[in-house]
Undergrad: 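To start, I am sharing the structure in question, which I have written as structure tokens.
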Amino acid sequence: MIKSEKSPRNLFFVEIIIVLLFFFVSGAIVMKAFATADLRAKKSSICENINLCTQSLCEGYSVKGNIEDTTALVFGEEFSADENGECIIYLSSDCKTVLGSDECIILELRERKEQKASGELCFLTVTFRYDGEEIISAEVSSYTPKKA
Amino acid sequence: MENYKGKSLADTVSSAGSMFLFLLFSVCMLVIIVTASFTYSKISNNFNSTFNTSAVIRYVSNRMRSADSVEVTDDGIILYSDGISVLIWCDNGEIFERSFSGDVPKASGGDKIFEADRLEVIEKDGVYEITVQKGEDIRTALLRGEWGL
């Protein structure tokens with residue numbers, strides 16, 4: 001009598017635990033998918049900011065012809081290249097300059113100058129890195145004629 | 001009597017356990033639904049801002065590049081070309097465009113091309129600074145100002 005009343009309840013208890021386990025596993029998978037989607041959306045937004053920043057840097061450099069004036073124009077802050085013509089700038093997700101940290105966008109500027117008879121030909125390579133991955137790389141040139 | 005007591009305790013534990021598990025299940029499902037809604041709204045906002053303000057900047061940049069000359073006025077920007085010139089302006093949360101030949105028309109009655117709260121073009125140091133704002137999202141890009149001249 002007791003057995004026959006206990007068994008269905010125990011069965012129901014085991015059933016509900018199995019169903020809950022199934023839903024917890026499904027929930028974990030769904031949460032992981034949401035987290036990935038969120039990260040991708042953030043990365044997509046960052047890539048868009050990087051694209052606009054690249055445009056600004058290229059357009060600015062083609063007018064200014066040097067890293068100092070270009071960075072001052074784009075970021076409102078002057079950055080100088082080292083003796084190898086390289087300059088590394090750390091940016092936040094909205095492409096504003098920040099102090100270096102792990103979650104930053106890294107902007108590498110590499111400048112190369114060629115002296116010509118009539119003036120100076122400058123090349124700037126702009127490379128953006130985010131999360132250890134190269135997002136975009138572009139090269140722009142600028143020509144400054146010699147002053148008479 | 002013992003059996004009856006034992007049965008009652010087992011029943012209570014079983015019922016309470018089942019209810020607790022069901023409550024746990026409900027809470028977890030609620031958390032998942034809230035997270036899903038939060039993630040969706042975040043993705044949707046990012047998508048809107050990316051394809052609104054950026055699209056406006058790209059559109060205006062390309063129109064300015066393709067024009068022979070550009071004039072920035074209080075009404076908006078005038079893009080002069082050989083045949084038909086274009087006036088682009090922002091009014092009441094929308095960006096309008098109006099083509100014309102001859103005299104510059106008033107900034108009214110054009111075609112609505114985008115939704116944006118602010119479109120600002122400033123000429124400084126030989127470059128145009130294009131700023132577009134929609135809600136809290138503000139994006140800026142530079143454009144060389146000496147093309148084709």
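Residue numbers begin at 1 in each chain, while the letters A, B, ... track the order of the sequences.
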Undergrad: Sub-4.5 Å heavy-atom contacts with chain B: which residues of residues 18-35 of chain A show up?
TA: A:Leu20, A:Phe23, A:Phe24, A:Gly27, A:Val30, A:Met31, A:Phe34
Undergrad: Taking B:Thr140, B:Leu24, B:Thr35 one by one, which has the highest count of heavy-atom pairs under 4.5 Å against chain A?
TA: B:Thr35
Undergrad: Got more than 12 heavy atoms from elsewhere within 6.0 Å of OH, B:Tyr40?
TA: no
Undergrad: Test of understanding: clusters of I, L, V, M, F, W, Y form through side-chain heavy atoms closer than 4.5 Å, transitively. Do B:Ile95 and B:Val70 belong to the same one?
TA: yes
Undergrad: If you look at every heavy atom in A:Val63 and B:Arg144, which pair is closest and at what distance?
TA: CG2-CG, 3.3 Å
Undergrad: If I measure from the heavy atoms of chain B, does A:Asp69 come under 4.5 Å with its side chain, its backbone, both, or neither?
TA: neither
Undergrad: Just to be sure I understand the criterion: a residue of residues 136-143 of chain A counts if one of its heavy atoms is under 4.5 Å from a heavy atom of chain B. Which ones qualify?
TA: none
Undergrad: By salt bridge (Lys or Arg N to Asp or Glu O under 4.0 Å), which residues pair with A:Glu68, not counting sequence neighbours?
TA: none
Undergrad: Give the C-alpha distance, both sets of side-chain angles, the deciding distance and a yes or no for side-chain contact (heavy atoms from CB on, under 4.5 Å) between B:Arg139 and A:Asn49.
TA: CA-CA 8 Å; B:Arg139 283 173 202 249; A:Asn49 287 336; 2.7 Å; yes
Undergrad: Please say yes or no: joined through hydrophobic side-chain contacts below 4.5 Å, possibly via intermediate residues, are A:Phe123 and A:Tyr61 part of one cluster?
TA: no
Undergrad: Is there a side-chain contact between B:Leu143 and A:Gln55 in this structure, where contact means two heavy atoms from C-beta onward sitting under 4.5 Å apart?
TA: yes
Undergrad: Any link between B:Leu79 and B:Val72 through a network of hydrophobic side chains (Ile, Leu, Val, Met, Phe, Trp, Tyr) touching at under 4.5 Å?
TA: yes
Undergrad: Atom CZ of residue position B:Phe100 - does it have more than 12 heavy atoms of other residues, nucleotides or ligands inside 6.0 Å?
TA: yes
Undergrad: The criterion is salt bridge (Lys or Arg N to Asp or Glu O under 4.0 Å); which residues satisfy it with A:Glu86, sequence neighbours excluded?
TA: A:Arg110
Undergrad: Tell me whether B:Ile138 shares a hydrophobic cluster with A:Phe75, the cluster being built from Ile, Leu, Val, Met, Phe, Trp, Tyr side chains joined at under 4.5 Å.
TA: no
Undergrad: Taking all non-hydrogen atoms of both residues, which atom of B:Arg58 and which atom of A:Leu52 are closest, and how far apart?
TA: NH2-CD2, 4.4 Å
Undergrad: If you group Ile, Leu, Val, Met, Phe, Trp and Tyr by side-chain heavy-atom gaps below 4.5 Å, do B:Ile33 and B:Ile43 land in one group?
TA: no
Undergrad: Of the non-hydrogen atoms in B:Ala141 and A:Ser56, which two are nearest, and what is the gap between them?
TA: CA-OG, 3.3 Å
Undergrad: Should we say atom CZ of B:Arg118 is surrounded by more than 12 heavy atoms from elsewhere, each under 6.0 Å from it?
TA: yes
Undergrad: Could you tell me which portion of B:Ile57 (side chain, backbone, both or neither) has an atom closer than 4.5 angstrom to a non-hydrogen atom of chain A?
TA: side chain
Undergrad: Less than 4.5 Å apart, side chain to side chain, heavy atoms only: is that true for B:Lys124 and A:Leu73?
TA: yes
Undergrad: Would one find more than 12 heavy atoms of other residues, nucleotides or ligands at under 6.0 Å from atom CD of B:Glu136?
TA: no
